[in-house]
There are 2 protein chains.
Amino acid sequence: MGITTLTTATLPQTPRPIYHGSGAVSFSTKGEYGVRLMVHLARHHGSGPASLAGIAAEEDLPRAYLEQLVVNLRESGLVVSTRGAHGGYELSRPPEAMTMGEVLRALEGPIAPMVCASDDPEHAITCDRSARCTVNVLWVRVRDAVTGALDSMTLADLVPPRAVTPDDVARDDHDGAMPPP
Amino acid sequence: MGITTLTTATLPQTPRPIYHGSGAVSFSTKGEYGVRLMVHLARHHGSGPASLAGIAAEEDLPRAYLEQLVVNLRESGLVVSTRGAHGGYELSRPPEAMTMGEVLRALEGPIAPMVCASDDPEHAITCDRSARCTVNVLWVRVRDAVTGALDSMTLADLVPPRAVTPDDVARDDHDGAMPPP
DNA sequence: TCCATATCCGACGAATTCACTCGGATATCA
DNA sequence: TGATATCCGAGTGAATTCGTCGGATATGGA
């Protein structure tokens, strides 16, 4: 056996619960991981680009999968990338100016509880029995509730307020300080 | 070829677009068909049980599939069934007293944009990194928006108000009478 | 000039769910 | 007794989800 050098250090990822969605209106891991990624970028906004490898390690997420998610974010203009060494991604705008609606629409597509009630008029399909379809108002009402909640929050609302001195970032391995369950 | 009598008349179902969900917070056909079924029952409430075959024909839905959906509705106590000839299903309560939240929870499970933000405390999973997880408030806010919209509507809000005489139901093939786009 | 570090890009694959269908057992009314 | 229903469990093909892998390209530093 030759000496197979570990070029990209594959850290032992914590085991994930295999499958994810159970219940209504559930977002996929694309949405979950993507939001986590964006919050990470928001937290370190202004300190240059952050690499996916670093984010994956810190946030404990599968790196190769993040690579896929971030394509949507880049194509929607929410993040900008710099290639090459010391490259990575950063927010294209300050966190206060980026709604969670934009983020989740980029990651998961238009908000549409039903095909006849899509956020994006491009994908909106008026159902063939729209004349007698009285159910439509239900889906529209749900859609508006979701978009209202999403568009009224920004990335800045999700970064933890850094209460103390700015150099407590250097060491943050304070474990065992959780309230009892 | 023997004379294969058509016992259950399989009417040619209108072709369905194969796949359904595209986008975020989308409900499955279980939710769609189930709500249609419940609205149908609400519309004919007080006139005895309605058979699935009749509903499937009138509403143009796959009958055998409805059979599956209705199990959840019955086990949740939203409909009651009577077996045998002239049997069928009817609402267990008047439409005004049945929220769409109850209906959709019965059909699709708890409202949970993310595992850490489930409607049902039974299925709620506090994520392992809840200490630093600041994203949770987002999912909770979305969940509350959805449940708020759903629980503030009843089945009665979805049955079309029968404005005119009750015998205009007999013929309703009024096509070509739509407002111009 | 290399080389390590990045993003980019496309294909591939297993697990799981979705959207049904089918066959039969049981109950009820005419 | 037979037609009409609900009940019940199993099964199935297609599609999606949740990733992985291999390589091409770009960039900064030794």
Quick one: does A/Gln68 reach the base of D/dT20 with a side-chain donor-acceptor pair under 3.5 Å? yes

Taking atom [atom2] of [N] as reference, at what distance in whole Å does atom [atom1] of [X] sit?
X       : N      : atom1 : atom2 : answer
B/Glu32 : C/dC20 : CD    : P     : 10 Å
B/Leu73 : D/dC7  : CG    : P     : 12 Å
A/Leu66 : C/dC8  : CG    : C1'   : 15 Å

Sorted by chain and residue number, the side chain to side chain donor-acceptor pair (under 3.5 Å) partners of B/Arg93 (sequence neighbours excluded) come out as B/Glu102

Taking only residues two or more places apart in sequence or in another chain, which ones pass side chain to side chain donor-acceptor pair (under 3.5 Å) with A/Thr29? A/Tyr65

So which of residues 82-90 of chain A are in contact with DNA chain C, with a heavy-atom cut-off of under 4.0 Å? A/Thr82, A/Arg83, A/Gly84, A/Ala85, A/Gly88, A/Tyr89

Closest nucleotide among [options] to the [X] side chain:
X       : options                : result
A/Glu67 : C/dC20, C/dC9, D/dG19  : C/dC9
A/Ser51 : C/dA6, D/dG19, D/dT6   : C/dA6
B/Ser28 : D/dT20, C/dA19, D/dC18 : C/dA19

Rounded to 10°, the helix from C/dT1-D/dA30 to C/dA30-D/dT1 deviates from straight, judged by its five-pair end axes, by 10°

Sequence neighbours excluded, which residues qualify as side-chain contact (heavy atoms from CB on, under 4.5 Å) partners of B/Ala145? A/Ala145, A/Ala149

May I ask you to evaluate whether A/Arg74 reaches the phosphate of C/dC9, defined as a side-chain N or O under 4.0 Å from OP1 or OP2? yes

Counting only pairs under 3.5 Å, give me each side-chain donor-acceptor contact of residues 78-85 of chain A, with atom names and distances, residues two or more places apart or in other chains.
{"from": "A/Thr82", "atom 1": "OG1", "to": "A/Gly88", "atom 2": "N", "distance (Å)": "3.4"}

